[in-house]
Structures are given as structure tokens and as C-alpha cells.
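Accompanying notes for the structure given below.
This structure is a prediction, so every number in the text was calculated from the model and none was measured. All residue numbers in this chain count up from 1 along the given sequence. Remember, it's 1-based here, ligands and their atoms both numbered in the order they're listed.
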Amino acid sequence: MSKKNWHEKLGKSISADEWYRNYSTDIPRCKVCNNILSFIAVANNNRTTHFRHPENSGCPTIGYNHSHFANLLRTEQDETNALYLKKWVLENGYLLYKQMCEILGASIKYPEFTEILIAGNHRKCWYYFDLTVSILPYTLLVNYGVFQKEKGRKGREQRVFLAFDSTITTYEQLWNNPSAAAEYVFRIYPDSQEYEVIPIGDIRNIVNTEPPEYFQRYLVKSNLK
Ligand SMILES: [Zn+2]
């Protein structure tokens, strides 16, 4: 159950209470899994309304249905582009780090940044055909998986992970013939089963791209390959 859901016409998430009160003719649909949600009033003595998914919806906002999204297919390997991307990361690691924090809406620890790159090595993310620098931070975050709760860290009050639209089955669909589904990613908070819709490519507010001296250490540790 979740307290909020994305309202397509309003272009933002609103509470089940507000939806029920003001938009009762609009059918609530989860933007992540596209299922129709029902309203449920929880607890007898308070009137808070929640949204509920149908059973077995397989929605990644519920539990750990994350792996499907991390296992997008790769059609062929692009060696030349991989060399370019890895070189770009080595030269722009801190910018990439900042972009990832912005996209996730959360502070990422430097050791986690190393882990994200290592996870990218394991999946050979660099070799996705024609992968661009602008899609790279999204791809690496989706591939990494769940960021654990971190007390006192911005945006880490609960677990969070990034997912692409479920209708996307190969990474190439994100940059070749992009459809409407390739225009956004989801920030998913599995503990509250809530999500935010984030437009791809809309990275603003990045300031201070000068890396601290010790940042390089975390970049090198990832041993890009
Ligand atoms: Zn859903």
C-alpha cells in the first residue's frame, strides 16, 4: 500500500485522500507497472486512505522485484564506444558522481560510487552498443540496485533504487528510437511503496564539479574494465 500515486494530468504525485476527494473520476494507475490501483482505508480509527496494487502485480515498488529491470538485454558489444566511455569516466568521474546523486535525489557515499562502477564492470555496462555519456549515469544506477537506508544522509531516510519503464526490454531502446517510455526513470522507495517520476536528461543544479583530492582514490579503486 502507498499513500501517494502519480497523477498523469497533474504531472505530480498526490495522496490517496486528495485523489479520492477531488479526482474520483480519474482512475488511479501505477506509472511503474501500469496496473490500476484500488483505494483502501486503513485502520478503523483514522481515515487515511491508501492505494493498493492488485495481487501479484509484480510491481517493483513492492518488495524486491528489482532484478527484472537490472537484467535488460544487450544485443551486441561495442568495444570502441566502451573505450571512449571508460576514458570519459576516468576524466569526469566526479561529474558522473554528482549527476548520480542528482538523479537518485540522494547523497551517495564515495565507497558506493566505487561499488556502482564495479557493478558496471560485472555487467559490462560500458559495452552496451552506442551507450551515450548522457544515459550512462542512469544505466549505472539502475544496474547497481538498491541503496540502503543511511541515517543522517540526504535522501536516504528509506531504501531507494532507480528503474526504467517496464516496457523497455533492451538498453538500446533507451537511445535508439526512444519512445515515451524512455523519457523518464523511476525513483522507487520500496519501504513506503512510493515512487517519483524523473525525466531522463533533465540534470540541473550541478555545481562544484571540482573533485576533492581524495575522490580520485575511489575512482581508481573501481578498476574500470
Ligand atoms: Zn506498480
Side-chain angles (χ1 to χ4, degrees), residues 1-43 46-73 100 102-106 116 119 123 135 137-149 155-175 178-202:
M1 287 186 297
S2 65
K3 283 184 189 159
K4 288 180 169 180
N5 188 52
W6 180 260
H7 191 289
E8 195 66 47
K9 280 186 229 159
L10 298 178
K12 62 173 185 179
S13 292
I14 59 171
S15 71
D17 276 332
E18 188 182 350
W19 198 305
Y20 196 76
R21 253 194 337 260
N22 304 330
Y23 305 97
S24 58
T25 54
D26 296 336
I27 294 167
R29 205 177 263 281
C30 172
K31 195 165 170 74
V32 178
C33 65
N34 213 28
N35 274 301
I36 292 174
L37 306 177
S38 53
F39 290 99
I40 177 169
V42 286
N46 83 44
R47 295 181 164 211
T48 309
T49 310
H50 281 66
F51 291 108
R52 186 166 58 186
H53 274 76
E55 270 191 53
N56 307 319
S57 65
C59 182
T61 63
I62 300 166
Y64 269 120
N65 295 314
H66 168 261
S67 56
H68 164 71
F69 294 82
N71 285 314
L72 296 180
L73 299 170
M100 286 178 175
E102 173 82 14
I103 294 165
L104 195 65
I116 293 167
R123 181 90 53 190
I135 303 289
Y138 300 91
T139 306
L140 291 173
L141 285 172
V142 170
N143 178 63
Y144 176 72
V146 179
F147 289 81
Q148 297 301 321
K149 201 152 79 165
R156 304 286 294 269
E157 296 79 13
Q158 47 178 327
R159 292 178 300 162
V160 56
F161 65 88
L162 208 72
F164 290 121
D165 191 283
S166 59
T167 59
I168 292 172
T169 52
T170 70
Y171 275 113
E172 282 82 354
Q173 279 174 273
L174 291 164
W175 50 87
S179 61
E183 286 171 7
Y184 48 80
V185 288
F186 301 110
R187 250 181 226 159
I188 296 178
Y189 302 93
D191 298 330
S192 60
Q193 297 184 6
E194 286 175 11
Y195 62 91
E196 289 169 28
V197 181
I198 312 295
I200 288 183
D202 190 17

Using the test side chain to side chain donor-acceptor pair (under 3.5 Å), find all partners of Asp191 that sit at least two apart in sequence or belong to another chain.
Arg159

Within the 2.8 Å cut-off the protein N, O or S neighbours of the Zn ion (ligand 1) are Cys30 SG, Cys33 SG, His53 NE2, Cys59 SG

side-chain contact (heavy atoms from CB on, under 4.5 Å) against Ser38, all qualifying residues, sequence neighbours excluded:
Arg52

When the aromatic ring centroids of Phe147 and Phe161 are compared, is their separation below 6.0 Å?
no

Is NZ or CZ of Lys9 both nearer than 6.0 Å to the six-membered ring centre of Tyr23 and within 45° of the ring axis?
no

Take Gln158 and Ser192 through the side-chain hydrogen bond (donor to acceptor under 3.5 Å, both in side chains) test and state the conclusion after the steps.
CA-CA 8 Å; Gln158 47 178 327; Ser192 60; 3.1 Å; yes

Set of side chain to side chain donor-acceptor pair (under 3.5 Å) partners for Glu157, sequence neighbours left out:
none

